[in-house]
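In listed order, ligands and their atoms are each counted from 1.
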Amino acid sequence: MQRRAKLYWVILCSIAALCCVLAVLQYRWTRELARAEHDRLRNGLQAAVRVLSREFNSELSAITSALQPTSEEIEVQGRETAYSLRWQEWHKRSSRNELFTRVALVVPQDGELQLERLDQTNGTFTFQPWPEEWADLRQNMLSRWADRSRGPRSSHPYLIELPRFGSPGGYRPVEQEWLLLEVNVSYVRTAMFPELLRRHLTPVGIVDFEAEVFVTGQPSELIYRSHPEDHARIGDAAEASVALLELRPPMFNHRRPPPREGRMHEPSPVRRGPPPAEFMMGGEPGPGPGPGDSGRGRWRLVVRSRGGSLDAIVERTRWRNLALSGGILLLLLACVGLLFTFSRRAHKLAELQINFVAGVSHELRTPLTVIRTAAFNLRGKVSQNPTQVERYGSLIQEESQKLQSLVEQVLRFASARSGHIIRERIPVRIERLIEQGIEASRHALDTAGCVVEQHIEPELPPILADDQALKHALQNLLENAAKYGTDGSRWIGVSASKAAAEPDCVEIRVSDRGHGIPKDEQPHIFDAFYRGRRAVQDQIHGTGLGLNLVKQIVQAHGGKVQVESDLHQGTEFILQIPIAQAGKVG
Ligand code: ADP
């Protein structure tokens, strides 16, 4: 037995240790997984904003190309007409007609740069004075023009300046005139960015995001904000950022950039003659940093996921995974623990049952031997002696009674197991019940020399009971008192009264002044087959079924049973049984 218990513990500890190892491994794996997930999300977000930037720049590039006529067109149609026709053509086909607030043509004339403003509705140009807010640009253009197109180009945040290059004398190409396009920030803010962001960020799993577009180098110059109601700006918490409206320095390009597949289908004029310089937008093929974030764009887009940073999202997922796997491991441990407990219980029960079989066999053998011996003697000379016949007769009667009560107890236990612990209930008077119980235990009480003191409260209401079953329960308690409670004194008390705590119950108490029940045994005495240490050591006859039957009988009556016992003081069993309700008394 000891070896088996040890084996159980070894197995349990091994499984627990294995679970701990698994938990540690799981913890490490989830951390690595979280790191990989974080990188994946961040890279995905950065890649998405790059594609967004490329698409935005390409679209603007396609529009500017569509608006700029070729040198041949200008030669054939005249400058203003060529620009006007290009504008009208684009205006007719494009869905972004509100993209520019102001469009103008800047033409050098008489040593000055004249400004011709385009009427966007009919496509005609009229000379107008330079607007005050374009003064810096004018200054920049003048100085570059005087310096033959050298010097830094103005990087006005909202003005796109499209020069047309030509080399009329066959010399180095110089800027001939400029088309100025002022971006309609309000249109870009309301019509372009929300749609672009949603289309590019949702597929990488960032559904709830926060985005800002501001002028490069001037974060306070906000162009777009996805959540204007938020007080805090994204600032350093950005998880991805990219340059927008990236204008590259003009350069020679023999080929016109291939038309981009996109939402806009701009006319693609064929150029002939000397190669013109083109105004390139970020994301177009060409020298310099690759598409994406060169940092030279006039605007900057910054994005972060809302509801916490990517780190927080990944951390949440990680803890969820950990909780899940931890839960599974705990469940596994709990199952092993339960299995262990159940198997130990089953083991204990099997042990108790073996003891029970041994006990019952012993209980059967003693009366049977007495009966056999008595019968043998009665067949011999003893049969001539009437006194001896009388003695042996009563011996046989006593022993067969013991046998009968033993068999009855086992049968009662068997029927309790099959759910038939009590039969039909009728109103029963307490006095009568106690009387019957004492009478049934008379032999055991007399043999032990017990004095039974009764105290029954007058006019107790009847209880609704199976009198035979309850009598059996009382008999068990009285016989136990006679068996175990006569060490100090042979006094047994039986009392009945109304229960103080339960007004609808009658309380029957069976007390003795014996050795008492040790505290550690008290929780087990009502278990089937359980026998106390003293009962086993002193070989006091019994089966371990008595108190279990008492409990089942009382509970079947809707009552309860308790024990109060102190070592060397005595034991008291208290039965509480509901009284018969007026309506139920049959
Ligand atoms: P059995 O008497 O056949 O052993 P029971 O179920 O009647 O089985 O009792 C279970 C155990 O409770 C007994 O073995 C004994 O140890 C303890 N016990 C019961 N009644 C008393 C009592 N009046 N005084 C002391 N111990 C008792």
Give a yes or no on whether a salt bridge exists between [X] and [Y], defined as a side-chain N under 4.0 angstrom from a carboxylate O.
| X | Y | answer |
| --- | --- | --- |
| Glu55 | Arg199 | yes |
| Arg513 | Asp487 | no |
| Lys402 | Glu363 | no |
| Lys348 | Glu351 | no |
| Asp538 | Arg534 | yes |
| Glu521 | Lys519 | no |

At a non-hydrogen distance cut-off of under 4.0 Å, which region of Tyr530 contacts ligand 1 (side chain, backbone, both, or neither)?
backbone

Contact region, Lys483 to ligand 1, non-hydrogen atoms below 4.0 Å, reads side chain

Identity and separation of the nearest protein heavy atom to [atom]:
| atom | result |
| --- | --- |
| atom 19 (C) of ligand 1 | Asn480 ND2, 3.5 Å |
| atom 8 (O) of ligand 1 | Gly544 CA, 3.3 Å |
| atom 21 (C) of ligand 1 | Tyr484 CD1, 3.5 Å |
| atom 12 (O) of ligand 1 | Ile525 CG2, 3.5 Å |
| atom 26 (N) of ligand 1 | Ile517 CG1, 3.3 Å |
| atom 4 (O) of ligand 1 | Arg531 NE, 2.6 Å |
| atom 11 (C) of ligand 1 | Gly532 N, 3.9 Å |
| atom 6 (O) of ligand 1 | Leu547 N, 2.8 Å |

Please compare Asp512, Ile540, Thr571 and report which has the shortest non-hydrogen distance to atom 23 (N) of ligand 1.
Asp512

Might you work through the salt bridge (charged side-chain N to carboxylate O under 4.0 Å, His left out) test for Glu212 and Arg233, ending with a clear yes or no?
CA-CA 8 Å; Glu212 278 174 14; Arg233 292 279 306 271; 3.0 Å; yes

Run the numbers for me: atoms of ligand 1, each under 4.0 Å from some heavy atom of [X], listed by number.
| X | result |
| --- | --- |
| Gly542 | 3 (O) |
| Ala535 | 14 (O) |
| Thr543 | 3 (O) |

Min heavy-atom dist Asn476 to ligand 1 below 4.0 Å
no

Can you confirm, on distance only, whether ligand 1 has an N/O atom lying under 3.5 Å from any N/O atom belonging to Asn548?
no

When you measure from the centre of the six-membered ring of Phe209, is the NZ or CZ of Arg198 under 6.0 Å away and within 45° of the axis?
no

Consider only side-chain N and O atoms of Glu507 and Gln576, and report whether a donor and an acceptor are under 3.5 Å apart.
yes

Verify whether one side chain among Gln409 and Arg412 offers a donor that lies under 3.5 Å from an acceptor in the other.
no

